[in-house]
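Working notes for the structure below.
Throughout, protein chains are lettered first and strands after them, A, B, ... in sequence-line order, and every chain is numbered starting at 1. Quick caveat: nothing in here was measured; it's all calculated off a predicted structure.
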Amino acid sequence: MLENLSVAIDQVLAVPVLAALAGGSLLGIIMGAIPGLGPGVAIAILLPVTFSLDPLSGITLLMGVYAGAWYGGAIPAILVNTPGTGVSVLTTYDGYPMTRAGEPQRALSLAYASSFFGGTFSVLVLIVAAPLLAAFAKKFGSADMAMAAALAMVLVITAHRGAELAAAATLCLGLFLGTIGLEGAYGSPRYTFGTTWLLGGIPLISIILGLFAMSQGFLLISKSGDKAVPVEMKRRLLGGFAEVLRYPKTLLRSSSFGVAMGILPGVGEFLAQFFSYSTARRGSKTPELFGKGAPEGIIASEAANNAVPAAALVPLLALGIPGEVLTAMMLAVFTVHNVDPGPALFAENGPFVSGLYLSLFLMNFVIVGILLFATRWIALVTRIDDRLLGIAILCFAMAGSYSANFRLTDPLIAAAFGLLGLALKRADIPLVPIILGLVLGPIFETRMRQAIGGNGGDLSVFIERPISLTLLTVMALLIGGSIIGRLRRRWA
Amino acid sequence: MAKENTEEQDVLSLVAGGRPKGRMLFAALAVGSAVLLILVGGQTEPGAEGGGWWNEPRNGPIFALSLMFVFSVLAAIFAAPAEGPAAKRLTVIALLVSAGFLAAIWLMGLIGYGLSVLAFCALCAAIAGFRGRRLAAVAAGLALAMLVLFRFVLGLWFPKAALFKLAPWLETLGRFL
């Protein structure tokens, strides 16, 4: 890896990558700071743009948005008690009471410092863990890869506590959508209804723009224009970087929760935050302060959140299996540029991987630099009228869905999925499994064909291979645990 | 202790999805998957003889649709009903905006990107409740911002509109719109 370092430095210092790093980080912070938007909408809008960039610039741009949004989400959570992103909810518990006590800059500073620690910690884990997992993944055969994809799907379903059936139904919808178009074995059409425009499958961009961007645009356009006025920021924000060091256990434990939950497919920031916050409160000398402005509460929430993005890249880079929706979108960028994530990536694209590590590491410094310098101005974006944001998002979706192929069918699909996304959001039905089903489905189908075909049609290959058998056992335990948990909740 | 348990539940509620609503949505998904399953014979072609059962093109859709049917039926049974007056208002807004969205894209071939976006922004602004001068300012401001971003900053190409082929001076104008 070190031999690639000089190449990586050259790559990252190239103007397009630096521009993507700075632009993505700033855009992510702003999108995170605007309640109701978040990185999903931003990445859905930016995805078509990244296809015209080189892979490193494209991924850096998306990762900048992803990581920046988690940092930025703390701003409205702390200043106006409204989480900028869903994962900043727990930051409001202690951040806003601190603001009410006249210490908004302390709360923000603590949030930035813990986010920085969590973010850089998870990049270091990515650097160590991804090649190790990739080296281990070289032992994976088709049966093992099929079971890894299946395990990712099971994890996605079981992560939606209390809504497992809904998640399973929407994941299967994604699986079905992934089968539309010409299939791989014979090149015969499936569910194209005699049309030519469906032969290439349903465009992922249109589905993502519809489900995430357009549905959010519909919601925002129908809101009222009233917004809370944020607290004015005056003082410097560096104090938290020294203060977080007084809580090394909380910082390290929370970052570790974030990393662990980031690596596991489908689990993500919510569970990381929950475990981190609960554990921090249990382990605290002053648990009574939690919810009233405890510094450890902010540290637990923010360090865990920000440790997730880089860790979420581990299964994508090492196995080629995205664990959540944002890395599923990133897989599309890899695919467009003919870069195959998986065990071979590290051998064939070493400089790219090193460049990615370096850009992810620098990203945390860039984001903190922007926040330390510009928080008071960024806080103003929380005052933008939701309806204007809604119209702007719909305009972005219009250009994004039409410019991919310049045909009316793609925006039509985007609009249809926008309406579906809105209906699902209104009913609290998770959207994420649709995208993961759509992305993981073809991987699962191809690997199943290869595994069973290579074994002459005998299904015993899945229990004869130790890795596959282990993954199958984990799946069985997860499904069994989920069913028992559901029954217990019903009987309780 | 009791207070701590309450707080624990409160935090847990953030990660637990809770009982989803939308019984009708799941019922529609179940019916849709059943219909698509019935169509599988006509919408897929059989594989070559001797090509192996595992390579059959219909395996994937049958697997996905069967599971989707089962899970949708179960989800419909356990889900709570949704929909209220607010949801219906939102649905009407979404349908209107979607129709405007598609009409604006269709209009691009006739009047170009800039004018289509202006019309779409005006429609959205009106639906969002802006009126009079504010409506005009919002529509013109957003359309100009989109035009600058997509045509000049990102250099996005759009097919030449029919309007700009009518006269040479219109063609010049069309390069900017």
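- The minimum heavy-atom distance linking Leu67(B) with Cys172(A) is given by the pair CB-SG, 3.4 Å.
- For Ser215(A), no part sits under 4.5 Å from any heavy atom of chain B, backbone or side chain.
- The distance from the CG atom of Leu420(A) to the CG atom of Leu29(B) is 7.5 Å, given to the nearest 0.5 Å.
- Residue Leu96(B) does not touch chain A at all, counting heavy-atom pairs closer than 4.5 Å.
- Distance alone, capped at 3.5 Å, is enough to place a donor-acceptor pair between the Arg190(A) side chain and the Pro57(B) backbone.
- With a 4.5 Å cut-off on non-hydrogen atoms, Ser403(A) touches chain B through its side chain but not through its backbone.
- In this structure, the side chains of Phe176(A) and Phe63(B) stay at 4.5 Å or more apart for every pair of heavy atoms.
- The line from CD1 of Ile221(A) to CZ of Phe130(B) is 9.0 Å long, rounded to the nearest 0.5 Å.
- A 4.5 Å side-chain heavy-atom check between Thr91(B) and Phe218(A) finds every atom pair outside the cut-off.
- Annotation: the span from Leu219(A) atom CG to Ile93(B) atom CD1 amounts to 10.0 Å, rounded to 0.5 Å.
- In terms of heavy-atom pairs under 4.5 angstrom with chain A, the leader among Val138(B), Leu25(B), Asn59(B) is Leu25(B).
- Annotation for Pro189(A) and Glu45(B): closest pair CD-OE2, 3.5 Å, computed over non-hydrogen atoms.
- With a 4.5 angstrom heavy-atom cutoff, Ala139(B) does not touch chain A via any of its atoms.
- Under the 3.5 Å distance criterion, the side-chain polar atoms of Gln43(B) are matched with a main-chain donor or acceptor of Phe193(A).
- Contacts with chain A were tallied for Gly60(B), Ala75(B), Ala94(B); Ala94(B) has the most, counting heavy-atom pairs under 4.5 Å.
- Of the two parts of Ala169(A), the backbone and the side chain both hold a non-hydrogen atom closer than 4.5 Å to a non-hydrogen atom of chain B.
- Counting heavy-atom pairs closer than 4.5 Å to chain A, the top residue among Pro61(B), Ala64(B), Gly52(B) is Pro61(B).
- Here Met214(A) is the residue among Glu164(A), Glu445(A), Met214(A) with the most heavy-atom pairs under 4.5 Å with chain B.
- A distance of 4.5 Å separates CG in Leu90(B) from CG in Leu422(A), rounded to the nearest 0.5 Å.
- In this structure, chain B has heavy atoms under 4.5 Å from both the backbone and the side chain of Tyr191(A).
- Using a 4.5 Å heavy-atom threshold, the side chains of Trp53(B) and Ile452(A) count as touching.
- Only the side chain of Tyr186(A) comes within less than 4.5 Å of a heavy atom of chain B; its backbone N, CA, C and O stay farther away.
- Contacts of Leu459(A) with chain B are made by side-chain atoms alone, with heavy-atom separations under 4.5 Å and no backbone atom involved.
- In this structure, CG on Leu394(A) lies 8.0 Å from OG on Ser98(B), to the nearest 0.5 angstrom.
- A side chain to side chain contact (heavy atoms under 4.5 Å, CB included) with Cys395(A) is found for exactly one of Phe150(B), Phe101(B), Phe120(B), namely Phe120(B).
- Residue Val70(B): no heavy atom, backbone or side chain, is found under 4.5 Å from chain A.
- Interface residue Ser188(A): backbone and side-chain heavy atoms are both found under 4.5 Å from chain B.
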- Take Phe396(A) and Leu149(B) through the test side chain to side chain contact (heavy atoms under 4.5 Å, CB included) and record every step on the way to the result. CA-CA 10 Å; Phe396(A) 281 120; Leu149(B) 179 67; 3.2 Å; yes
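- Crowding of Arg134(B) atom CZ: a count of heavy atoms from other residues, nucleotides or ligands under 6.0 Å not exceeding 12.
- Taking the six-membered ring for Trp and the full ring otherwise, Tyr113(B) and Tyr402(A) have centroids separated by 6.0 Å or more.
- Counting only heavy atoms from C-beta outward, the side chains of Leu165(A) and Phe26(B) never approach each other to under 4.5 Å.
- Pairing each heavy atom of Glu56(B) with each of Arg449(A), the nearest pair is O-NH2, 3.8 Å.
- Interface remark: of the candidates Phe69(B), Trp54(B), Phe158(B), Phe71(B), Trp54(B) forms the most heavy-atom pairs closer than 4.5 Å to chain A.
- Among the candidates Leu424(A), Val49(A), Leu419(A), the residue making the largest number of heavy-atom pairs closer than 4.5 Å to chain B is Leu419(A).
- Within the 4.5 angstrom heavy-atom criterion, no atom of Ala145(B) approaches chain A.
- To the nearest 0.5 angstrom, Asn55(B) atom CG is 8.0 Å from Glu183(A) atom CD.
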